[in-house]
Structure formats: structure tokens, C-alpha cells
Amino acid sequence: MEAGALIIIFALLVLFAFLGLGAWATVKAVGAAKRGVDRTITQARRTVEDTALRAKSFGQVGVAGALAQLRLDLRTSMRATQQALYQGVQVDASLKESIGLFERLSAHGYELDDELKRLEQEPDRARTGAMLPELRDRTAKITEAADSLRWAARDRARRFAEDDLSALSAQIEVESGALRDWSRESVDDLAAAAAAWDAQQPPAGRAASAAPSGPAARTPEPPAALNPTPPQSGYPWQKAPRPETTT
């Protein structure tokens, strides 16, 4: 009974373990799906907002068009810099410090974008128009800093690629030279070996005179087989021998 109870308890523990593992996997899958949906919604919302800002900047004049253009410039610069840095850090770990600076810059960018968004709904256009010079300066400072980080990261990546290509080209030149030297040495070795072989061979006349002739030169016949073939019959004009009679 005790052994049966232990087996049942062990089976229940294994069952609960599988159920817990299945629940954990389900939660992880749901979380991943939710993050994917949220990411898709965020990208769609961002695309819609950029399209609306672009339409406002081209279709409206005055304060509304200027605010839309400032928001569009700010968002475009920050997004491009973010993409360049986060992609570059995967192959260049030294960009982590640049990402830290960009995150601090992003806080100012978000604050300015929220302020520009609120001013778009501001009914007092005269006061908003008076704030445009200061808003342009803030936008220019943030976008110039973001552009500086982005172009520095791209220049660094391009410089690394050029240095790697130069080193690879130098290695290929060295290897190509080694292959050419190896080819000439091989041909020279083959020629020297052929000349040494020709020098060791006797002249043709001496070889012919040294060769045995006559009966001694004939190759010995192999021994007869266990079942030798019967002798061939004599010439046609020979008579067959008569069998001896016993009488």
C-alpha cells in the first residue's frame, strides 16, 4: 500500500509540474503576442500621426503649419537616430554610452513634442506665434544633437568597414604572392626531378647491347598444369599408330 501511495503521489507531482510548465508557456506566449500587438498598434499610430503632420505642414499656413513642421522634423530626426544607434550597438558595444546620451536627449524631445502638440490646439494663435522662435531654437538644438550622434555612429561604422576591408585586401595580397611563389617552386622542383631521372638512365645503345639474346633471352615456360591438355595430333601425312594386339 505504501509503495502504491508513493507512486500515486509521484504521478501527481509530475502532472502538476507539467500543468505548471504549460501554464507558464501559455503566459509567455500571451505576453509575447500582446507585446507584438502593442508594437504593431504603436507603429500604426505613429504612421498615422506622421502622415497627418505631413499633411498639415503642406496644407496649412501660419502657426498651425509651422508647428506641424517642427513636430515632423523632431520626430523624424529622433527616430532615425534611435534606429541607427540601436542597430549599431549590436556590432559595436562602444555605442552604449551614445545610447545613454540619446535617452537623455529623448526626454527633452518628448517634452518638446508634447508642448508642440498642445500648442496645436491652442486657440490663441497670436501668443503661439510669438513662441515660435523659441520653439524653433529648441527643436534645432535637439535635432542637431540627434543628427550629430547619428552621423558619428555611421562614420564610425563606415571607418571600421574601411579598415577591415584594407586589412583583408593586404592579407589577400600576401596570400596571392605566396601562392605565386609556391607555383614557381613546384615547377622548378618538377624540372629538376625530371633532369635527375634522365641523368640516371643508361644510353639507348648500351641498354640494347646489355639486353640478353638467343635462347637465354627466352622466358622460361610455366610448369604444366595438374590436368595438362592432350598433345595435338601429328601432321596430316603421318599415319596413326596401330594398337598392339594381344594375340
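The first residue in the sequence is number 1, and the count goes up from there. Hydrogens, waters and symmetry mates play no part in the numbers below; they use all other heavy atoms, side chains included.
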Q: Starting at CG of L70, measure out to OG1 of T139 and round the result to the nearest 0.5 Å.
A: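 Going from the CG atom of L70 to the OG1 atom of T139 covers 4.5 Å.
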
Q: Got a second to check how far M78's CE is from L149's CG, nearest 0.5 Å?
A: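 Nearest 0.5 Å value for the CE-CG distance: 9.0 Å.
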
Q: Is R127 atom CZ crowded by more than 12 heavy atoms from other residues, nucleotides or ligands, each under 6.0 Å away?
A: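 No, because the 6.0 Å sphere around CZ of R127 holds 12 heavy atoms or fewer from other groups.
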
Q: State plainly whether one hydrophobic cluster holds both Y86 and L95, where clusters connect Ile, Leu, Val, Met, Phe, Trp and Tyr through side-chain heavy atoms under 4.5 angstrom apart.
A: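 In one cluster: yes.
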
Q: Please tell me if the side chains of S106 and Y110 come closer than 4.5 Å, counting only heavy atoms from C-beta onward.
A: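 In contact.
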
Q: Please name the pair of heavy atoms, one in T143 and one in L74, separated by the smallest distance, quoted to 0.1 Å.
A: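 Closest pair (atom of T143, atom of L74, distance): CG2-CA, 3.9 Å.
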
Q: Would E162 and R159 satisfy side-chain contact (heavy atoms from CB on, under 4.5 Å), going step by step from the backbone distance to the final call?
A: CA-CA 5 Å; E162 291 176 356; R159 182 61 182 272; 4.2 Å; yes

Q: Looking at every heavy atom in both M131 and E115, which two are closest together, and how far apart are they?
A: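 What the structure gives for the nearest pair is CE-OE2, 3.8 Å.
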
Q: Under a 4.5 Å cut-off applied to non-hydrogen side-chain atoms, are L119 and L135 in contact?
A: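 Yes, their side chains come closer than 4.5 Å.
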
Q: Looking only at non-hydrogen atoms, find the nearest pair between A146 and T81 and report the distance.
A: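 Heavy-atom minimum between the residues: O-OG1, 2.9 Å.
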
Q: Do L67 and L132 come within less than 4.5 Å of each other through their side chains, counting heavy atoms only?
A: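 When only atoms from C-beta onward are counted, L132 and L67 do touch, with a gap below 4.5 Å.
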
Q: Within a radius of less than 6.0 Å around CD of E97, do more than 12 heavy atoms belonging to other residues, nucleotides or ligands occur?
A: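 Result for CD/E97: open.
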
Q: Does R104 CZ have over 12 foreign heavy atoms under 6.0 Å away?
A: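 12 or below, so no.
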
Q: Any sub-3.5 Å donor-acceptor pair from S169's side-chain atoms to L165's backbone N or O?
A: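 Indeed, once roles are kept as given, a pair shorter than 3.5 Å links the two residues.
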
Q: Using salt bridge (charged side-chain N to carboxylate O under 4.0 Å, His left out), reason through D147 and R150 one step at a time and then give a plain yes or no.
A: CA-CA 5 Å; D147 294 343; R150 183 175 69 255; 2.7 Å; yes

Q: Indicate the atoms forming the closest heavy-atom contact of V63 with T128, along with that distance.
A: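 Heavy atoms of V63 and T128 come nearest at CG1-CG2, 3.4 Å.
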
Q: By the salt bridge (Lys or Arg N to Asp or Glu O under 4.0 Å) test, which pairs, at least two apart or in different chains, include something from residues 12-22?
A: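 Non-adjacent pairs meeting salt bridge (Lys or Arg N to Asp or Glu O under 4.0 Å): zero.
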
Q: Would the distance check show the side chain of S77 and the main-chain N or O of D73 forming a donor-acceptor pair, the cut-off being under 3.5 Å?
A: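 No; judged by distance alone, with no hydrogens or angles, the pair does not exist.
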
Q: Does D155 come within less than 4.0 Å of R158, counting only side-chain N to carboxylate O?
A: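 Yes, D155 and R158 are salt-bridged.
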
Q: For S94 versus D92, what's the shortest heavy-atom pair and its separation?
A: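 For S94 versus D92, the nearest heavy atoms are OG-OD1, 2.6 Å.
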
Q: Nearest 0.5 angstrom please: H108 NE2 to K141 NZ, how far?
A: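 Taking NE2 in H108 and NZ in K141, the distance rounds to 11.0 Å.
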
Q: Can R118 and E122 be counted as an ion pair, charged N to O under 4.0 angstrom?
A: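 Looking at E122 together with R118, the answer is no, because their closest N to O distance does not fall below 4.0 Å.
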
